[in-house]
Enquirer: 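For reference, the structure I am asking about is given below.
None of these values were measured; they are calculated from a predicted model. Just so you know, these numbers use all the heavy atoms, side chains as well, and skip hydrogens, waters and symmetry mates. So that the names make sense, note that chain A is the first sequence line, chain B the second, and so on, each numbered from 1.
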Amino acid sequence: MENKERKPSGIKPGKGVKIKGGGPKDPKQTLKRLMKLMEGYKGRILLVFALIFVSSLGGVASSMFIGVLIDEFIVPLTMTPDPVFTGLAKVLTIMAGVYIAAALATLFYNRIMVVVAQEILKKVRDEMFAHMQKLAIRYFDTNNYGDIMSRYTNDTDTLRQMIAQTIPQLFSSAMTIIVVLAAMLYSSVPLTVIVLITAFLMLKLGGKIGAKAGFFFVKQQKSLGEVNGYIEEMISGQKVVKVFCREEKVIEDFDKLNEELCRNATSANKIANMMMPIMANLGNLQYVIIAIIGGMLAISGIDEGLTLGTIAAFLQLTRSFSMPVNQVAQQINSVAMALAGAERIFQLMDEPVEDDEGSVILVDAEYEDGILKETDHRTEMWAWKEILADGSVKYTELKGDVRFNNVDFGYSSEKEVLHDINLYAEPGQKVAFVGATGAGKTTITNLINRFYDITDGTILYDGIDVKRIKKSELRRSLGIVLQDTNLFTDTVMENIRYGRLSATDEDVINAAKLANAHDLIMRLPKGYDTVLEGDGANLSQGQRQLLAIARAAVNDPPVMILDEATSSIDTRTEAIVQRGMDRLMNNRTVFVIAHRLSTVQNADVIMVMDEGRIIERGTHDMLIEQKGRYYQLYTGAFELE
Amino acid sequence: MIKKLSGCIREYKKESILAPVFVTLEVVMEVLIPLVMAGLIDHGIDAGNMKEVGKYGAVLVVFALLSLWFGVLAAKYAAVASAGFAKNLRKDMFYNVQTFSFSNIDKFSAASLITRLTTDVTNVQMAFMMVVRVAARAPLMLIFSVVMAFVINVEITLVFIGVLPFLAAALFLIINKAHPIFERIFKTYDKLNNVVRENIRGIRVVKAYVREKHEIDKFKKTSEVIFKDFSKAEKLIAFNGPVMQLAIYTCMIGASWIGAKLIVAGSLTTGELVSIITYAMQILMSLMMVSMIFVMMTISRASAERTCEVLSEKSDITDPEEPVTEVKDGSIIFKNVGFSYSGDAERECLFDIDLEIKSGETVGIVGGTGSSKSTLIQLIPRLYDVSEGEVLVGGVNVKDYDLHVLRNSVSVVLQKNVLFSGTIIDNMHWGDENASMEEIERACEISQANEFINGFPDKFETYIDQGGTNVSGGQRQRLCIARALLKKPKILIMDDSTSAVDTATDAKIRKGFREDIPDTTKIVIAQRIASVEHADKIIVLEGGRIDGIGTHEELLHNNEIYREAYTSQMKGGAGIGE
């Protein structure tokens, strides 16, 4: 694996990217995007808002009702010697109706909103994943895996909370605040002013506490990231820890980080936990203030409209008012978090996709009366289909002729890793690249299939500039086996079938036999139906490579690239695999990259690479004759003393 | 399980007890406050008595301040206790993992251990905080409020009591139905994350085979399941709010009707009516909280179980009672050794291994993929225990050694080797904490790492990223060899440790071994025949059995497998180089 090439230091991500920063950078823009996302659900969301309105009316009505109950019914009834309760019964029945309506409204808006939230989330997830599939390899090479992952987990989760809980709650709070405010204004203007002033102060304080808690939460998250990162690194390397008896030292370092996390977690949670009692008791103080001032106003007769019943009701309203204000204060933080999460999701979705200006496609073909014709069945022959400017169609037979003309390339603009590469692979040839690690071998294959685009020069494939070939078609024509095998959680059968989805079970088994993987598969607990998990963690690297080769074999591609594909397979098995591959790839072009000279010896052309340049080329015999670098490498293998 | 977890409270016992105590006090205040409020209305406002308003107002202010103070203290202690608890839990788990043997690690898998120490601990911490803060609050609130309500008026309170069982039943029903769906959702989430993870890691394969659409379909299928299940569960949970509202409203209407009659009859005051309604709210709220705790607990139960599994796992390789503390020499003897990872004889992967290696010898091990080469050498530093027979190092059974002594004398360069984030020097200190710069440079010289290290701008201070991803495979292997050499072991084992190193460098490394550490027993597993050709002894393994032992010439002569491997590697080249 030539990581040094894949992750050039110029564009490598910094340490600890995983850790979520404080607030969103551009909340306004993010909010706009979120709104746009919800636009498709406008009808249902409007309905939800209407239902929330009804639901909060119920809440307000219940707190107002006390005042009405006391002033309109209880007080008059106590005055009459012979009280009749039918009026009260009537009002209570009406209230019951209002309450049932409110409860039903709550039920429906909740049910609609959770579904809307889930639909939006599904849409976001699906779009994010689909978009990710379109990104260039560079994105994956330069971004931390954990950081990409957390957009699907943490960030999506904050978004879910925001849509399903925070938004309805904020709206409901706002509704309640407005209605209660109206009711309060109706009851007494001066008292309302006082409530507003105190509520404003409470919100201010709440915001301050929230900001402080936020500061510590960021610190806590950072600490948590460090501790979890340390745990991940050490446990992944636990076997090495054991081999070197480093347990004590590792524990010592761990303790330091763990203590730090404990400190930060304490500070963060302390403040967050205090929020509730502080806000609730400020509400109580507000209650006292209103009671005293209201009482004074009523008793002194300054405010004539203020009856005792009104004050009792107003006090109830005060409580109804401070509750949603509290809620808003507490939601401020979660809104900020959700916006930060949403921003990261949008960031991924805004990542520019792999550009593909190519239009040439690959089709099955056969010769009919000496003319190349497109067919709808597999013919072991392929053609490049090109639609020319005048609308006519041109077919070029796929032969596997690959040419590099003066190709320069660098992963970042500062550092060029390939210099002036000229090479040609004639159809049916087996072309090998040898050279020390970091010489640029893997980079060359990354350019053929356009995982990366060249800086200068041209690459021709059967005479067509690869830039003109549609990327998916280009890659379909190239089978690639990499040193780092990646298997998927699925059965062995499906993992091999990945090479060609239309392959029958028989095709799969034949491919496995060709790759010499059949015996190993049969030894697995359920043979071909064994489910591989965690990237085939229970298989050795060599066994995984055999499966990867079988996967490529079932693909049966016109051109094959083997990048250190057999590095962990013993040479005896390798020889068997090679014979099988040679048979499969008979008359087709194959590129082979290897350290092991035995792997490349029988190649038609061997390119010896050093520091991004091809320094020697020729057949094995020719290169031995030359007594150059290849000769040195080769004789190194014999090592005579 | 609870006992095991509560063992992690330790020095935070004080806080863990004080938190609920202050919560209790806070609840008492919260229950008393509505009573004072009632007094304020009845004796102050209704009576038009400003003095009373001032009196009750003052009491209310005092109570509110007390409640605030208790609340803040409860918040503080709860935070300290839960952060401390999580710290200890994490610590205990991490310490225990450090004692794990290879087979313990295999049993859990590194990935699962990581989840248990990170996500699961966080879940348990949240649950703990919930317990010390809310678990005390909700039932207390329930009881106090009911008592207070009874004190004010029995008839109205009976209405509340009548509503309670219906509400409790409804909440229970909802949770009971939704819970299994949530459990299923968590599993599906894991699956979804797995698809994403595999795609990020295997993006080259996906793109090379042009399987983007296939992967998107796969993802969509899983995300569809999540959508369906989540909607279903949340729709059920959506009943919570309205059920609660209905209960509250029923209480309100009941209280209003009875209350009005009582007030008219003169046995209840308006202030009392207002406060009894407040109590009704508190009663129902606390019931809601109880149900939330219930949900939270069941969700974190799985996490708690998973953490406990790690806590109670015992290492299956431990130091003997009276350990031998010195390894005399680097000789190794395998007597009749058999081994299976799972412990059952059916799946043995080593059979009847008899082997004698003298101190200072160089031994090569070759064999096909899956012939148990790595397994064989891992028995020497007792990374696994044999199932049958015995392994002797320096003439003593490995089970009789102090583990640290044994492993410090037997240095293994594992096949799946890793470097850790830190400078090259930091990584070298793994081999020997006190190694001097000269010693480090010397080790790197033998392993042929000096040249490229000196090519880095920061030389030995170069920072290695996690997993060593910023150096090439061959460079990583050479650094790992240097690290192992710094242990100055009596036995050095290299498990395919030069596979990514070119042949010339490989030869230089071997030359260095021969000249610089002649007395160390060297065991080399290799694919390349050239790497073992000149060993004193070469062992050919096939299917977990020794197929042949001998020198290069002997094996060429009498071992089929060896000869085949040799010819396949030398094919076409025979005679030319010489």
Enquirer: Given heavy-atom pairs under 4.5 angstrom as the criterion, report whether the side chain, backbone, both or neither of A:Lys134 touches chain B.
Expert: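 Just its backbone gets close to chain B.
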Enquirer: Only pairs of heavy atoms separated by less than 4.5 Å count here; which of B:Lys76, B:Lys191, B:Met29, B:Lys228 has the most with chain A?
Expert: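 Most heavy-atom pairs within the cutoff with chain A belong to B:Lys76.
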Enquirer: Would you mind telling me which of B:Leu414, B:Leu113, B:Leu246, B:Thr505 has the largest number of heavy-atom pairs within less than 4.5 Å of chain A?
Expert: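 Highest number of heavy-atom pairs under 4.5 Å: B:Leu414.
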Enquirer: Are the side chain of B:Arg211 and the backbone of A:Tyr498 linked by a donor-acceptor contact shorter than 3.5 Å?
Expert: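 Pair found, side chain donor or acceptor close to backbone of A:Tyr498.
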Enquirer: Considering only heavy atoms from C-beta outward, does the side chain of B:Leu68 approach that of A:Ile278 to under 4.5 Å?
Expert: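 B:Leu68 reaches A:Ile278 side chain to side chain.
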Enquirer: Taking B:Lys87's backbone N and O only, do any of them form a donor-acceptor pair with A:Asn258's side chain (distance below 3.5 Å, no angle check)?
Expert: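 Indeed, once roles are kept as given, a pair shorter than 3.5 Å links the two residues.
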Enquirer: Is it the backbone or the side chain of A:Glu248 that comes under 4.5 Å from a heavy atom of chain B, or both, or neither?
Expert: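 It is the side chain, since no backbone atom gets that close.
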Enquirer: Which class fits the ring pair B:Phe94 and A:Phe254: parallel under 30°, tilted 30 to 60°, perpendicular over 60°?
Expert: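 Parallel, since the angle between the ring planes stays under 30°.
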Enquirer: Could you measure the distance from the OG atom of B:Ser82 to the CG atom of A:Asn273? Nearest 0.5 Å is fine.
Expert: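 These two atoms lie 7.0 Å from each other.
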Enquirer: Are the side chains of A:Phe140 and B:Ile200 in contact, using a 4.5 Å heavy-atom criterion?
Expert: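 Contact flag for B:Ile200/A:Phe140 side chains = yes.
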Enquirer: Assign the ring pair B:Tyr249 / A:Tyr99 to parallel, tilted or perpendicular, where the plane angle (0 to 90°) is split at 30° and 60°.
Expert: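 Parallel: the ring planes of B:Tyr249 and A:Tyr99 meet at under 30°.
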Enquirer: Quick one: are A:Glu233 and B:Val418 in side-chain contact, heavy atoms under 4.5 Å?
Expert: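 Side-chain contact under 4.5 Å: no.
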Enquirer: Against chain A, work out which of B:Ser411, B:Ala78, B:Gly57, B:Ser67 has the most heavy-atom pairs shorter than 4.5 Å and name it.
Expert: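 Heavy-atom pairs under 4.5 Å are most numerous for B:Ser67.
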Enquirer: Given a strict heavy-atom distance threshold of 4.5 Å, which part of A:Arg263 is in contact with chain B: side chain, backbone, both, or neither?
Expert: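 Contact with chain B: none, neither part.
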Enquirer: Which bit of A:Ala89 comes within less than 4.5 Å of chain B, counting heavy atoms only: side chain, backbone, both or neither?
Expert: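 The answer is both parts of A:Ala89.
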Enquirer: In terms of heavy-atom proximity below 4.5 Å to chain B, should A:Asn555 be classed as side chain, backbone, both, or neither?
Expert: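 Only the side chain of A:Asn555 comes within 4.5 Å of chain B.
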Enquirer: Output yes when a side-chain donor or acceptor of A:Arg125 lies under 3.5 Å from a complementary backbone atom of B:Lys220, and no otherwise.
Expert: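 It does not hold such a pair.
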Enquirer: Would a 4.5 Å heavy-atom cut-off, applied to side chains only, mark B:Val206 and A:Phe488 as touching?
Expert: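 A side-chain contact exists here, since the closest heavy-atom pair is under 4.5 Å.
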Enquirer: Any donor-acceptor pair under 3.5 Å linking the side chain of B:Lys207 with the backbone of A:Gln133?
Expert: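 Pair found, side chain donor or acceptor close to backbone of A:Gln133.
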Enquirer: Check whether any side-chain heavy atom of A:Val241 sits under 4.5 Å from a side-chain heavy atom of B:Phe420, and report yes or no.
Expert: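 The answer is yes, as the side chains (C-beta and beyond) meet within the 4.5 Å cut-off.
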Enquirer: Using a 4.5 Å cut-off on heavy atoms from C-beta on, say whether the side chain of A:Val240 contacts that of B:Arg483.
Expert: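 The answer is yes; the side chains approach within 4.5 Å.
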Enquirer: Under the criterion side-chain contact (heavy atoms from CB on, under 4.5 Å), I'd like the reasoning laid out for B:Arg204 against A:Phe451: C-alpha separation, chi angles, the key distance, then a yes or no.
Expert: CA-CA 8 Å; B:Arg204 281 187 152 74; A:Phe451 276 170; 3.7 Å; yes
Enquirer: Measure the shortest side-chain to side-chain distance between B:Asn199 and A:Phe129 over non-hydrogen atoms and say whether it is less than 4.5 angstrom.
Expert: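 Yes - at least one pair of side-chain heavy atoms lies under 4.5 Å apart.
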Enquirer: Is A:Lys471 reaching over with its side chain to a backbone N or O of B:Val210, donor-acceptor style, under 3.5 angstrom?
Expert: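 Such a contact is absent between A:Lys471 side chain and B:Val210 backbone.
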Enquirer: Between B:Glu212 (side chain only) and A:Ala130 (backbone N and O only), is there a donor and an acceptor less than 3.5 Å apart?
Expert: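 The answer is no, because no donor-acceptor pair under 3.5 Å joins these two groups.
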Enquirer: What distance do B:Glu433 atom CD and A:Cys245 atom SG have between them, rounded to the nearest 0.5 Å?
Expert: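 Interatomic distance, B:Glu433 CD to A:Cys245 SG, rounded to 0.5 Å: 12.5 Å.
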Enquirer: Rounded to the nearest 0.5 Å, what separation is found between the CZ atom of B:Phe227 and the CG atom of A:Asp126?
Expert: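 It comes to 10.5 Å.
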Enquirer: Is the NZ or CZ atom of B:Lys261 positioned over A:Phe85's six-membered ring, under 6.0 angstrom from the centre and within 45° of the axis?
Expert: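 Satisfied, under 6.0 Å and within 45°.
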Enquirer: Which atoms of B:Ile248 come close to chain A, meaning under 4.5 Å heavy atom to heavy atom: side chain ones, backbone ones, both, or neither?
Expert: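 Interface part for B:Ile248: neither.
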Enquirer: Go through the atoms of A:Ala102 and report whether side chain, backbone, both or neither lie under 4.5 Å from a heavy atom of chain B.
Expert: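 Its backbone and side chain both get close to chain B.
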Enquirer: Where does A:Leu261 contact chain B at under 4.5 Å (heavy atoms): side chain, backbone, both or neither?
Expert: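 Contact with chain B involves the side chain of A:Leu261 alone.
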Enquirer: Hey, are B:Ser231 and A:Gln118 close enough side-chain-wise for a donor-acceptor pair under 3.5 Å?
Expert: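 No, B:Ser231 and A:Gln118 have no side-chain donor paired with an acceptor closer than 3.5 Å.
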Enquirer: Between B:Gln98 and A:Ile251 (side chain of the first, backbone of the second, donor and acceptor by atom type, cut-off under 3.5 Å), is there such a pair?
Expert: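 Such a contact is absent between B:Gln98 side chain and A:Ile251 backbone.
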Enquirer: Quick one: does B:Phe239's side chain get under 4.5 Å of A:Asn110's, heavy atoms only?
Expert: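 A side-chain contact under 4.5 Å is absent here.
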Enquirer: Given a strict heavy-atom distance threshold of 4.5 Å, which part of A:Asp255 is in contact with chain B: side chain, backbone, both, or neither?
Expert: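 For A:Asp255, the side chain is the part near chain B, not the backbone.
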Enquirer: Where does A:Leu104 contact chain B at under 4.5 Å (heavy atoms): side chain, backbone, both or neither?
Expert: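 Neither part.
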Enquirer: Do you see a donor-acceptor pair shorter than 3.5 Å between the side chains of B:Thr99 and A:Glu247?
Expert: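 Their side chains do not contain a donor-acceptor pair, so the 3.5 Å distance test is not met.
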